[in-house]
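Shown next, in structure tokens, is the structure this report addresses.
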Amino acid sequence: MDAMSDKKISKDFGGAAPKVTKTDAIIVGAGPVGLFAVLELGLQGIKAHVVDVLDLPGGQCAELYPDKPIYDIPALPGVTGQELIDKLMGQIAPYDPVFHMGQQAQQLEKTPEGHWRLTTTAGTVLEAPVVIVAAGNGSFVSRKPDVAGIEAFEGTSVFYSVKHKDDFKGKNVVISGGGDSALDWVLALEAAGAHVTLVHRSDTFSATPDSVAKMQALALEGRISRRTGTLAALEGKDGKLDSITIAGKDGKREELPCDALLPFYGLSIKLGPIADWGLNLNRNQVAVDTEKYQTSTPGIFAIGDINSYPGKRRIILSGFHEAALMAHAAYSIVFPGKKPGNAHSSSKPVPDKQKAP
């Protein structure tokens, strides 16, 4: 965040509705793909305002797994979610994006001039020729285990995301789930010094084969524990867990010591107001073409996890590719009658403060 001055980030809570602010492009979503879109648009000379419901840029990378390593970003053998966001923020700083944080994109309407006017829940009004929806999975909430009394432990002993893995060092941590998030954190927290037990309802996992193999190796070496079953009961007081009980398929119950429970059962996705914008939707995702990543409505693009097309891969790298093609298509709308250049980024004019010394 050091690369972006505080005056570039606003919340705009309260007070009278501000006047309409005109810009070249409005980006809905400040996750990694939305931030990369700022760069790709900037290379085309397109200025952007960014709107996000969270208080700080970063999306799920910063909110759900800031300490989790990511391995498929080009030229970065390994980078945590927060490190990736910090690098992106530094990379886009020369293009002076304006952030409107802590407010949700709400109403979208077309002006008589053919531009788009966006109003947020905080009353901010932005107008631009193009809108880029990079809202990730939309509004997301973690799916919770069906265990009585779990709410009393949430935030103190039960966590649906990990902000600082070192907080769990030396503790008895039970991770429940069989997907990528569950196994990723089994590996990361074991390496951070936690005593990890993985609980899953079966011996079949939906995580990547590499993660499954690494988890199984740790279990064989006795560095983690594995249990097959489901969460049945929680024991503790004053918000602090002492133990959990799991139930096997045979009905047998086992009590395990537990200081922290991390249930990773996926996310419940809600598009929110975006669902009312008249876009062509496919199972809570926005359908786009694969030439421009434009939606069914001209001038509105969708990139990243929120879009849908044949062969879609929901990974950050795919979103970066989509942002690059989107920016070229947006150029002709922002600057009618002109065509974007096909030069490499190394030959694009870049603000002086980004040029190498």
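The residues of the chain are indexed from 1 along the displayed sequence.
- Qualifying side-chain hydrogen bond (donor to acceptor under 3.5 Å, both in side chains) partners for S243, counting only residues two or more places apart in sequence or in other chains: E255.
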Please report, to 0.1 Å, the donor-acceptor pairs under 3.5 Å made by any side chain of residues 181-190, with sequence neighbours excluded.
from: D184; atom 1: OD2; to: K68; atom 2: NZ; distance (Å): 2.8
from: E190; atom 1: OE1; to: R223; atom 2: NH2; distance (Å): 3.3
from: E190; atom 1: OE2; to: R223; atom 2: NE; distance (Å): 3.2
from: E190; atom 1: OE2; to: R223; atom 2: NH2; distance (Å): 3.4

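- Residues passing the side-chain hydrogen bond (donor to acceptor under 3.5 Å, both in side chains) test with T111 are E113, sequence neighbours excluded.
- By the side-chain contact (heavy atoms from CB on, under 4.5 Å) test, D72 is found to be paired with I70, I315, residues two or more places apart in sequence or in another chain being considered.
- By the side-chain contact (heavy atoms from CB on, under 4.5 Å) test, N307 pairs with V288, Y293, A302, Y309, K312, E322, sequence neighbours left out.
- Checked options T121, D52, T120; the residue passing with Q103 is T120 (criterion: side chain to side chain donor-acceptor pair (under 3.5 Å)).
- Within the structure, salt bridge (charged side-chain N to carboxylate O under 4.0 Å, His left out) pairs that include any residue of residues 194-205 comprise D203-R226 (at least two apart or interchain).
- Residues passing the side-chain hydrogen bond (donor to acceptor under 3.5 Å, both in side chains) test with E154 are K144, Y160, sequence neighbours excluded.
- The line from CG of L198 to CD1 of I224 is 6.0 Å long, rounded to the nearest 0.5 Å.
- For the pairing with E127, the salt bridge (charged side-chain N to carboxylate O under 4.0 Å, His left out) check across K110, R117, K19 returns one residue only, R117.
- Pairs engaging residues 237-247 under the salt bridge (charged side-chain N to carboxylate O under 4.0 Å, His left out) rule: none recorded [sequence neighbours left out].
- Separating the NZ atom in K169 from the NE2 atom in H195 is a distance of 10.5 Å, to the nearest 0.5 Å.
- H200 is linked by a ring-ring contact (aromatic ring centres under 6.0 Å, His included) to F205, counting only residues two or more places apart in sequence or in another chain.
- Environment of CD in E291: sparse, with no more than 12 heavy atoms of neighbouring residues, nucleotides or ligands closer than 6.0 Å.
- The ring-ring contact (aromatic ring centres under 6.0 Å, His included) search around F36 returns F320, not counting sequence neighbours.
- Hydrophobic clustering (side-chain heavy atoms under 4.5 Å, transitive across Ile, Leu, Val, Met, Phe, Trp, Tyr) groups L76 together with I85.
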Verdict with supporting geometry, F153 and V147, side chain to side chain contact (heavy atoms under 4.5 Å, CB included): CA-CA 11 Å; F153 299 99; V147 183; over 6 Å; no

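- Looking at every heavy atom in both residues, A207 comes nearest to V212 through O-CG2, 3.9 Å.
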Under the side chain to side chain contact (heavy atoms under 4.5 Å, CB included) rule, what do L256 and S225 come out as? Steps first, then yes or no, please. CA-CA 11 Å; L256 302 172; S225 297; over 6 Å; no

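- Between L325 atom CG and K292 atom NZ the span is 11.5 Å, to the nearest 0.5 Å.
- Between A48 and I27 the shortest heavy-atom distance is CB-CD1, 3.9 Å.
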Step-by-step side chain to side chain contact (heavy atoms under 4.5 Å, CB included) determination, I333 to F301: CA-CA 12 Å; I333 300 175; F301 300 82; 3.9 Å; yes

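- One finds the CZ atom of F159 at 8.0 Å from the CG atom of D167 (value rounded to the nearest 0.5 Å).
- Taking the side-chain contact (heavy atoms from CB on, under 4.5 Å) definition, one finds that P298 meets it with Q294, sequence neighbours left out.
- Sequence neighbours left out, not one pair with a member in residues 23-43 passes salt bridge (charged side-chain N to carboxylate O under 4.0 Å, His left out).
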